[in-house]
J.: 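I'd like to ask you about the structure that follows.
No experiment lies behind these values; they were computed from the predicted model shown.
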Amino acid sequence: YNIAMVYLVFLIVVAIVGIILLFKGKSMIMAFLVLIIGGIYSLPPFELKNIPILASFITGWGLVHPIFITGDLKIVWLIAVILTLYATGTALLKDLSDLQGDRQEGRKLTASFISMKGLMVVSMGMTLAAALLCLMLDHEVIGLAPLSTCLTTLYFYLFKSDEEIEKKVYKKMALSVALSGSVVTILIVTGLA
């Protein structure tokens, strides 16, 4: 426990010094926001990780925050908001990968008050909305990633049992995110998009 606390303090000090040295203006504020939200996400008395849906949103935002920190253009921020919607839709299903363990630990889960299928519908809605927003903004290639994840979720929703969904959907979604994200990145970097 003591070693963990020393390590935590060390990481916080390094993060603060790094933020001060690396960023200025809005970027510095956004970087400090990550540190603050990261703290209240896990530490008492807040422990936002125990608030269903909000925890998924914070996780989604956390995955996309580098774009917010480094992006100054309005279009970059708009894409970051769309990707946060996508990441949140994906993070909503993370709880399904260990429902039993989370319940044993007494964690509050979104799946406790929304059925598994209902949660999948919300996730599909968010990822499909992200794909459609990309299409509306003429960023069709970026929209391939959320569309792929939406289709993966739809497949599980239509053709798999609750047990298969609980055990496999998040792993398959993560694979879908990785593969489609890689394809999108390659298309953008090579100029084919």
Side-chain angles (χ1 to χ4, degrees), residues 4 7-98 101-102 105 107-111 114 119 122-127 129-131 133-134 139 142-143 145-146 148-150 152-153 169-182 184-185:
Y7 187 58
L8 175 64
V9 170
F10 170 75
L11 289 176
I12 290 171
V13 169
V14 168
I16 290 170
V17 170
I19 289 169
I20 292 169
L21 292 174
L22 294 173
F23 301 107
K24 299 208 180 324
K26 279 193 291 187
S27 294
M28 182 183 284
I29 293 168
M30 291 302 293
F32 272 117
L33 188 60
V34 171
L35 191 59
I36 292 165
I37 289 178
I40 63 175
Y41 179 80
S42 299
L43 300 173
F46 304 104
E47 293 182 278
L48 298 178
K49 67 181 178 183
N50 291 324
I51 302 173
I53 298 179
L54 179 61
S56 296
F57 173 76
I58 292 171
T59 301
W61 177 80
L63 293 169
V64 179
H65 79 269
I67 298 172
F68 285 103
I69 291 172
T70 58
D72 282 334
L73 302 173
K74 286 183 182 176
I75 191 67
V76 173
W77 270 54
L78 190 54
I79 290 170
V81 168
I82 292 169
L83 292 176
T84 300
L85 183 66
Y86 169 42
T88 301
T90 304
L92 277 171
L93 297 183
K94 170 125 181 37
D95 287 344
L96 297 181
S97 64
D98 189 25
D102 286 337
E105 291 295 319
R107 292 187 185 102
K108 295 177 186 168
L109 304 170
T110 308
I114 297 176
L119 196 56
V122 172
S123 174
M124 283 187 284
M126 294 177 89
T127 55
L133 286 167
C134 286
H139 291 291
I142 294 173
S148 149
T149 304
C150 183
T152 302
T153 309
V169 71
Y170 189 71
K171 290 176 186 173
K172 298 299 182 187
M173 281 184 65
L175 181 60
S176 170
V177 169
L179 289 174
S180 60
S182 298
V184 167
T185 302

J.: Okay, side chain of Tyr41, backbone of Ile58: is any donor-acceptor separation there less than 3.5 Å?
T.: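 Not at all, since once roles are kept as given, no pair shorter than 3.5 Å links the two residues.
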
J.: Specify the closest pair of heavy atoms between Ala55 and Leu48, including all atoms of both residues, with the distance to one decimal.
T.: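 Closest approach of Ala55 to Leu48: CB-O, 3.7 Å.
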
J.: Quick one: are Val14 and Phe10 in side-chain contact, heavy atoms under 4.5 Å?
T.: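 Touching, per the 4.5 Å side-chain cut-off.
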
J.: How far does CD1 of Ile40 sit from NZ of Lys49, to the nearest 0.5 angstrom?
T.: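 So the gap between those two atoms works out to 13.0 Å.
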
J.: Specify the closest pair of heavy atoms between Ile82 and Cys134, including all atoms of both residues, with the distance to one decimal.
T.: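 Nearest heavy atoms, Ile82 then Cys134: CG2-SG, 3.7 Å.
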
J.: Do the side chain of Ser42 and the main chain of Gly39 share a donor and acceptor less than 3.5 angstrom apart?
T.: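 Answer holds: no.
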
J.: Does Thr88 offer a backbone N or O that forms a donor-acceptor pair with the side chain of Ser56 under 3.5 Å?
T.: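 No; judged by distance alone, with no hydrogens or angles, the pair does not exist.
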
J.: With rounding to the nearest 0.5 angstrom, report the CG to OG1 distance, Leu93 to Thr149.
T.: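 Those atoms lie 10.0 Å apart.
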
J.: If you round to the nearest 0.5 Å, how far is CD1 of Ile20 from CE of Met28?
T.: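 Between atom CE of Met28 and atom CD1 of Ile20 there are 6.0 Å.
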
J.: Rounded to the nearest 0.5 Å, what separation is found between the CG atom of Leu85 and the CZ atom of Phe57?
T.: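 If I round to the nearest 0.5 Å, the distance is 9.5 Å.
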
J.: Which value, rounded to the nearest 0.5 Å, describes the distance between Tyr86 atom OH and Ser148 atom OG?
T.: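 With rounding to 0.5 Å, OH (Tyr86) is 6.0 Å from OG (Ser148).
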
J.: To the nearest 0.5 Å, tell me how far Met126 CE sits from Thr90 OG1.
T.: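 The distance works out to 9.0 Å.
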
J.: Yes or no on side-chain contact (heavy atoms from CB on, under 4.5 Å) for Ile67 and Thr84, after CA distance, side-chain angles and deciding distance?
T.: CA-CA 10 Å; Ile67 298 172; Thr84 300; over 6 Å; no

J.: Is the backbone of Gly181 close enough, under 3.5 Å, to the side chain of Thr185 for a donor and an acceptor to pair up by distance?
T.: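 Side chain of Thr185 to backbone of Gly181: a pair is present.
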
J.: Looking only at non-hydrogen atoms, find the nearest pair between Met30 and Trp61 and report the distance.
T.: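 Met30 and Trp61 have their closest heavy atoms at CE-CZ2, 4.3 Å.
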
J.: Do Leu33 and Ile29 come within less than 4.5 Å of each other through their side chains, counting heavy atoms only?
T.: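 No, too far: nothing below the 4.5 Å cut-off.
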
J.: Any non-hydrogen side-chain atom of Thr153 less than 4.5 Å from a side-chain atom of Thr127?
T.: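 A side-chain contact is absent here, since even the closest heavy-atom pair is not under 4.5 Å.
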
J.: If we only count heavy atoms from C-beta on, is the Ile142 to Leu83 side-chain gap below 4.5 Å?
T.: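 Yes; the side chains approach each other to less than 4.5 Å.
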
J.: Give a yes or no answer on whether the side chain of Ser123 reaches the backbone of Gly89 with a donor-acceptor pair at less than 3.5 Å.
T.: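 Judged by distance alone, yes, a pair lies under 3.5 Å.
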
J.: Compare every heavy atom of His65 with every heavy atom of Val34, then report the nearest pair and how far apart it is.
T.: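 Closest heavy-atom pair between Val34 and His65: CG2-CD2, 3.3 Å.
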
J.: Closest heavy-atom contact between Ala131 and Gly143?
T.: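 Heavy-atom minimum between the residues: CB-O, 3.6 Å.
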
J.: Locate the shortest heavy-atom distance separating Ala80 from Val64; write the atom from each residue and the value.
T.: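 Result for this residue pair: O-CG1, 3.4 Å.
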
